[in-house]
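Single-structure report; data block below.
Atoms considered below: every heavy atom in the structure, side chains included; atoms not considered: hydrogens, waters and symmetry mates. Residue numbers begin at 1 in each chain, while the letters A, B, ... track the order of the sequences.
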Amino acid sequence: MRTHLCGQLEDGDVGRFIRLCGWVSRRREHGEHLAFVDLRDHTGTIQCVVDGSVDARSEYVVAVTGTLRRRPEGMENPNLATGGWEVGDCEIEVLATAEPPPFAVEDRVDVDEATRLRYRYIDLRRPRMQANLRLRAVVNAALRAAMDRMGFCEVETPLLWSPTPEGAREFAVPSRLHPGAFYVLPQSPQLAKQLLMVSGMDRYYQIARCLRDEDLRADRQFEFTQLDMEASFVNQDDVLGFVSESVLDAAEAATGERPPPIARMTWAEALERYGTDKPDLRFAMELVDLGEVFATTEVRAFAAPQGARRHAVKALVVEGGASFARSRLDGLVETAKAEGAKGLAWFKVTEGDGVVGLDSPLDRFLSETERTGLLAASGAVVGDLVLVVSDEHRLACTVLGRMRVALGGRPVGEGPYRYVWVVEFPMFDGVDSAGHPVPAHHPFTMPHPDDLDLLETDPAAVRSQAYDLVLNGWELGSGSVRVHRADIQGRIFAALGISAEQAEARFGFLLDAFRYGAPPHAGFAFGIDRLAAIFSGADTIREVIAFPKTQSGADPLTGAPKALSANALADLGIKTTVPAPER
RNA sequence: GGACCUGUGGUGCAGUCUGGAGUGCACGCCGCCCUGUCAAGGCGGAGGUCGCGGGUUCAAAUCCCGUCAGGUCCGCCA
């Protein structure tokens, strides 16, 4: 139907009789003897000149025939990639008429999210969205090529999986052939890929859809896509190497620039310096430890309470923050309290009569040593604001870590790109209602070899061989060395308070498999939505997903979720207890 | 489950604090004019349940209560 694409014309095509197909982007008529039509396809836009009037209106689908020519001197449009040419003496054939679109098919118009999703097919016509989806495809292709090159085999795993009551809430799928029973959609192919290791696949990967019925965020949808991988006879360094290779390949393909090798940081260091396990390294603003300054303090707010397990006094310097209004400072204090801190102290670094001083409600309680110690340790200078949290160590760090991002952060998709490996995650994270430790990653994570004996004595101190990949403050993905030995797995289940019977009921099929010869294995999975969003400069993954859901999990285009007919429900053996909402 | 922001012709906004006629801006749409524009230009025109419901008031886009929708975040996401 066409001889060329709008955006792929070349100087060598000048003089050729060509035929292009696409949508009318814009029409400019100059009376009955001259009209311009900007024709848009997925590759770009080009100006078509018609000697006469044009029946086609915006978003009509047309085929244009004419001769490509250089534009007359002085008529070039430097704002258009094809602005040096135009199609002359055009005949325009209308292939489909179109109603005026609900919003303009242009990048610069900012449209309400609900409207965009209701008319997603029009939204996706916009060059920006076209570029996003195509960039994502480039990322996918680069990832596949890298995995292929490293000897990984692509294997598909089931979407209809078995419930495993652990972790994220699962989407349930009723079984028609087994009324009353359910499949679930996998929150990840975790167990399947471990089975593939027992199967001798050696190196598996999959661009896998994962589904979790948890609340949505800018970086979280119900369904998301991961590059999922697992390899046998490898250690942590090997896995980090595989993932780095694939991610850096994708980065190079997407941005044209290969990032330097990805540095590593321990989880403890990330918490200490950035107050988070996903540090944004595009800016410094590191947390400062004031523990020494206030080690023997008389200031009650900064003193460790009796019997405190691990108390810390941490600080954050906000450059230029001395100008913050009292109301804004009050807001920060409220935020800190809302996040669980007992309080937040602030010190404005001021200067009066050539003397550097602190402006703070707490200043009069500080000794001179503490005053100079605070300034020296924090490095704050006149005009800065120092925020201080004195609390349980991890809480003090995380509260300030969030302030760091809130006060110094930038949109995630804004360059430069700063990757970092966060390694040596704790094995457990808090305790459940029964007092048992909760796995930070999953129960098949191998503890750090040096900490094995702490499993029984001090589980909270056990580090694991689990690791995260972080980019610009977003967690791209995580992985771990897996447990392949029954004895260690048993000790972990014991630490978790999972009995042999419970383990058998939940993961029996995996434990069974492991009895038949499980190779040491390790793996990783990272979010392609997030990676593609960051490469696209987007600040939500919806920008790189063709048909995403709203924050309430609805699809304005199809109306999903909807009620099922009584017949369909009966077929599935389902009886609902509430009427479906009308939308 | 919770906090905050937003909701006004098709689109994006102003108006809301401090109540007084659906007032305004830009784009789009429709008609006419226009032979080199390119976010074309000129003239004219149409288009409104101010998200929805209730309350206060002589009077509500504006104040109050509730509710719905979209967004950001907390919880949640092994």
Touch check for [X], heavy atoms < 4.0 angstrom, all strands: base, sugar-phosphate only, or nothing?
| X | result |
| --- | --- |
| A104(A) | nothing |
| E475(A) | nothing |
| V111(A) | sugar-phosphate |
| E113(A) | sugar-phosphate |
| N77(A) | base |
| E106(A) | nothing |
| T445(A) | nothing |
| D110(A) | sugar-phosphate |
| R402(A) | sugar-phosphate |
| E334(A) | nothing |
| R69(A) | base |
| A35(A) | nothing |

Residues two or more places apart in sequence or in another chain: which of them pass salt bridge (charged side-chain N to carboxylate O under 4.0 Å, His left out) with R169(A)?
-> E214(A)
Under 6.0 Å from the [atom1] atom of [X], do we count more than 12 heavy atoms belonging to anything else shown?
| X | atom1 | answer |
| --- | --- | --- |
| R485(A) | CZ | no |
| E456(A) | CD | yes |
| E106(A) | CD | yes |
| F171(A) | CZ | yes |

What do the steps show when you test F444(A) against L191(A) for side chain to side chain contact (heavy atoms under 4.5 Å, CB included), and what is the final call?
-> CA-CA 10 Å; F444(A) 312 108; L191(A) 300 178; 3.5 Å; yes
Tell me if the side-chain of [X] makes a donor-acceptor pair with the base of [N], cut-off 3.5 Å, by modelled atom types.
| X | N | result |
| --- | --- | --- |
| E86(A) | G36(B) | yes |
| R212(A) | C77(B) | no |
| R28(A) | U35(B) | no |
| R118(A) | G70(B) | no |

Shortest side-chain distance from [X], nucleotide among [options]:
| X | options | value |
| --- | --- | --- |
| H30(A) | G75(B), U72(B), U37(B) | U37(B) |
| H33(A) | U35(B), G36(B), C76(B) | U35(B) |
| T550(A) | C76(B), G71(B), G75(B) | G71(B) |
| E214(A) | C76(B), C73(B), G36(B) | C76(B) |
| A168(A) | C77(B), A39(B), U37(B) | C77(B) |

Could you please spell out the steps behind the side chain to side chain donor-acceptor pair (under 3.5 Å) verdict for Q206(A) and Y204(A)?
-> CA-CA 7 Å; Q206(A) 180 179 195; Y204(A) 140 94; 2.8 Å; yes
Please measure how far the [atom1] atom in [N] lies from the corresponding atom in [M], and state the result in whole Å.
| N | M | atom1 | result |
| --- | --- | --- | --- |
| C63(B) | C17(B) | C1' | 11 Å |
| G54(B) | G15(B) | C1' | 24 Å |
| G55(B) | C4(B) | C1' | 25 Å |
| G7(B) | A61(B) | P | 15 Å |
| G70(B) | C32(B) | P | 41 Å |
| A26(B) | C43(B) | P | 12 Å |
| C5(B) | G41(B) | C1' | 40 Å |
| G10(B) | A46(B) | C1' | 12 Å |

Rounded off to whole Å, could you give me the [atom1]-to-[atom2] distance for the [X] and [N] pair?
| X | N | atom1 | atom2 | answer |
| --- | --- | --- | --- | --- |
| R217(A) | G71(B) | CZ | C1' | 12 Å |
| K549(A) | C77(B) | NZ | C1' | 17 Å |
| D112(A) | G71(B) | CG | C1' | 9 Å |

Honestly, is R328(A) close enough over F324(A), meaning NZ or CZ under 6.0 Å from the six-membered ring centre and within 45° of the axis?
-> yes
Hey, what do you get for CG (D123(A)) to CD (Q130(A)), rounding to the nearest 0.5 Å?
-> 10.5 Å
Nucleotides 30-33 of chain B: which of its N/O atoms have a protein N/O under 3.5 Å away?
{"residue": "C30(B)", "atom": "OP1", "partner": "R57(A)", "partner atom": "NH1", "Å": "2.4"}
{"residue": "C30(B)", "atom": "OP2", "partner": "R57(A)", "partner atom": "NH1", "Å": "3.1"}
{"residue": "G31(B)", "atom": "OP2", "partner": "R57(A)", "partner atom": "NH2", "Å": "3.2"}

Return the nucleotide paired to [N]: Watson-Crick means purine N1 to pyrimidine N3 with N6-O4 or O6-N4, wobble means G-U with N1-O2 and O6-N3, both under 3.5 Å.
| N | value |
| --- | --- |
| U16(B) | none |
| A69(B) | U6(B) |
| U62(B) | none |
| G31(B) | C43(B) |

Which pair of heavy atoms, one from S464(A) and one from T445(A), lies closest together, and at what distance?
-> CB-CG2, 3.7 Å
Identified side chain to side chain contact (heavy atoms under 4.5 Å, CB included) counterpart of T43(A) within the set I46(A), D41(A), T45(A) = D41(A)
Please determine if a side-chain N or O atom of S58(A) lies less than 4.0 Å away from the OP1 or OP2 oxygen of G28(B).
-> no
Does R542(A) place a side-chain N or O at less than 4.0 Å from the phosphate oxygens OP1/OP2 of U72(B)?
-> yes
Polar atoms only, N or O, under 3.5 Å: list the protein pairs with nucleotides 3-10 of chain B and their distances.
{"residue": "G10(B)", "atom": "O2'", "partner": "P102(A)", "partner atom": "O", "Å": "2.7"}

Looking only at atom types and distance, does a side-chain atom of D529(A) sit under 3.5 Å from a main-chain N or O of T225(A), one as donor and one as acceptor?
-> yes
Take T540(A) and P443(A), find for each the nucleotide of RNA chain B with the closest heavy atom, and name the residue whose nucleotide sits nearer the 5' end.
-> T540(A)
Would you kindly say whether D555(A) and T558(A) are connected by a side-chain donor-acceptor distance under 3.5 Å?
-> yes
